[in-house]
2 protein chains.
Amino acid sequence: MRFMTKHTTASSCSSETRDRTPRPGPGRPRAFDEDQVLDAALQVFWTNGFEATSLDDLTSAMGLSRSSFYAAFGSKQGVLMAVLRNYSASALRQLDELTRLPREEAPMAMLEAISLPKEGPRGCMLVNCIAELAPHHAEVAEIGRTHLQRIEDLFAKALDPQDPERARDKARALSALAIGTLTLRKSGLPPDQIAHALAAARGIVAP
Amino acid sequence: MRFMTKHTTASSCSSETRDRTPRPGPGRPRAFDEDQVLDAALQVFWTNGFEATSLDDLTSAMGLSRSSFYAAFGSKQGVLMAVLRNYSASALRQLDELTRLPREEAPMAMLEAISLPKEGPRGCMLVNCIAELAPHHAEVAEIGRTHLQRIEDLFAKALDPQDPERARDKARALSALAIGTLTLRKSGLPPDQIAHALAAARGIVAP
DNA sequence: CCAATTATGGACCAAGCGGTCCAGATAACT
DNA sequence: AGTTATCTGGACCGCTTGGTCCATAATTGG
C-alpha cells in the first residue's frame, strides 16, 4: 500500500473517518458492537503490523463483511485511526491510575506497567505504528506524538506532583527507557532481565 | 507479502542467500559493486520499511535489472538479510571506537551517537526491522537480538573496562534508553530536547 | 576466433491487494 | 402494512505485487 489510491471518493482527505454513529431512526440498526469490533482490529494490527494486515485478515477477525466495514470506517487507514484513538485513551487511563500511588512507588510502577505487560512481547501498539508509519503518515505521527507527550506528562506528575515541570527531563528519560525496553523484549530478552535493567535505572528516579 | 510464496524453488529455506560471489573464470563479470548496491538497498529499506518497499523501488534504486537482482540475492528477504548484516557490522564498528574514550566520556558519547545521528529521524535500521518483522521472522529476530546484545556489551565495556560483567544491568538500561529516544525522535521530538533527557539520565552512568 | 559461461533487460505470470457496487434482507417509524 | 433507511454478503475490478524465464549481449580462457 502506498496511501492514496487513485479513486478515493473526493471529499476531505484526512481524519474524516466517516463513522457517523448513525442516530436512531428508520432503517436497520447495526448488528455489531463498535468497540468490540475495533478491539478485534486492534489485535490483528498489533500482531501483524499495518502493511502486513490484509483486508481479509481484518474483516474476518472483526466478523464484518467488506461493505459493513467500509460503511463504518471508510478505509483500512480509517479503522487504524479509530483503533489508535481507542488504544491511546485506554492505555493512558491505565497509566494515570498509577500516578496516584505514593511518590516513591509511582514512577517505578509505571515503568513496569509499560515495560512488562503480561500480554507478551508485542510492544506498544502506538510505538509500533510510529516505527512503521510515522515518517510517511502525518496523522499517525500526530497521534503518536501526543500519546508519547501524555506519557511523559504522567511521568512528570508521578515524579514531582507539586511542580511537574521541574521533572520534565527526567520524565522524558523515563519515557525513553520504557519504550526502549519494548524493543529489547521484542528481540527476545526475557522479562526478568528487563526488570533488572529497570532497577539499575533507579538513579533517574531519585531526586 | 506474507513470506513463502508458493513457488520458491525447493532447496533450503533459511539463510541461503545464494550470493556465491562468482569466482573469476569464463563468463561475463558483474557490472555492479556489491557493497554499493547493498547500500542503495539499505537506504530504501531504511526510509520505507520492508513491506512498503516494492521490488521496483529496490531494483531501480540499486540500478539492477530484476534478473541480476535475483541472481545475486535470491529474494527480497535475501537482500534484506545481506543489508542487515552489513549494517550491523558497520554500526558496531563505529560504536566500538567510542568505547576507547576515557571512561568518564565514553558512555555518554555512545548514547549521543545512537540517539542523535545527524542523518535525521530514521531511527536505527535494525531496530526498525525488529519492530516490523521480528515477531514473524526468526532470522531477522536473530540478527536483531545479537546486534542489541553487542551494543549492550559495548556499553558494559565503556562503563567498567575492568569487569564489564559488573555493569551488565546498567548497560542494559543505557541500551534501552538509547533505543527509546529513537522513537521519541521519530515521533517529532527535536534533538535538543533529547539531549536534555540524556543528560537527566546521567544517574545511570555514575558508579 | 571459438566455445563456454555468465550477466542483462524486459516481457510475462498468477495471486493478492484495497476498494466498489449492487441486489436483497432487515428492522424502525408512521 | 407500507415506507424508508440502513445493513449485509459476495461478486467484481483494476492494479500492484514478488517472482520467473528467455533471448541476447558481454567477457573470459583456450
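A note on names: the letters A, B, ... follow the listed sequences, proteins ahead of strands, and every chain is numbered from 1.
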Side-chain donor-acceptor contacts of residues 113-126 of chain A below 3.5 Å, not counting sequence neighbours, with atom names and distances?
from	atom 1	to	atom 2	distance (Å)
A/S115	OG	A/L111	O	3.1
A/S115	OG	A/T181	OG1	2.7
A/R122	NH1	A/Q43	OE1	3.1
A/R122	NH2	A/Q43	OE1	3.3

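A/Y70 has its OH atom 15 Å from the C1' atom of D/dG9, to the nearest Å. Spacing between atom NZ of B/K76 and atom P of D/dT20 amounts to 14 Å, rounded to whole angstrom units. Distance CD (A/E51) to P (D/dT17): 11 Å, rounded to an integer number of Å. Nucleotide D/dT8 holds its P atom 12 Å from the CE atom of A/M62, rounded to whole Å. A/L55 has its CG atom 10 Å from the P atom of C/dT20, to the nearest Å. Atoms CG (A/L80) and P (C/dG18) sit 12 Å apart, rounded to a whole Å. Look at CZ on A/F32: it is 14 Å from P on D/dT6, rounded to the nearest Å. One atom, CG of B/L58, and another, P of D/dT16, lie 17 Å apart when rounded to the nearest Å.
Residue pairs meeting the ring-ring contact (aromatic ring centres under 6.0 Å, His included) criterion with at least one member in residues 76-99 of chain A, sequence neighbours excluded: A/W46-A/Y87. Pairs passing the side chain to side chain donor-acceptor pair (under 3.5 Å) check and including a residue from residues 189-199 of chain B, sequence neighbours excluded, read A/R172-B/Q193.
For B/Q36, the side chain to side chain donor-acceptor pair (under 3.5 Å) test picks out no residue, with sequence neighbours left out. Listed by chain and number, the residues in a side chain to side chain donor-acceptor pair (under 3.5 Å) with A/S60 amount to none (sequence neighbours excluded).
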Taking only N/O atoms, report every protein-nucleotides 9-12 of chain C pair under 3.5 Å with atom names and distance.
from	atom 1	to	atom 2	distance (Å)
C/dG9	N7	B/S65	OG	3.3
C/dG9	N7	B/S67	OG	2.4
C/dG9	O6	B/S67	OG	2.7
C/dG10	O6	B/S67	OG	3.1

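Within 4.0 Å of B/F69, counting heavy atoms only, lies no atom of the nucleic acid at all.
Residues B/R168 and B/D153 are paired through a salt bridge, judged by an N-O separation under 4.0 Å between the basic side chain and the carboxylate.
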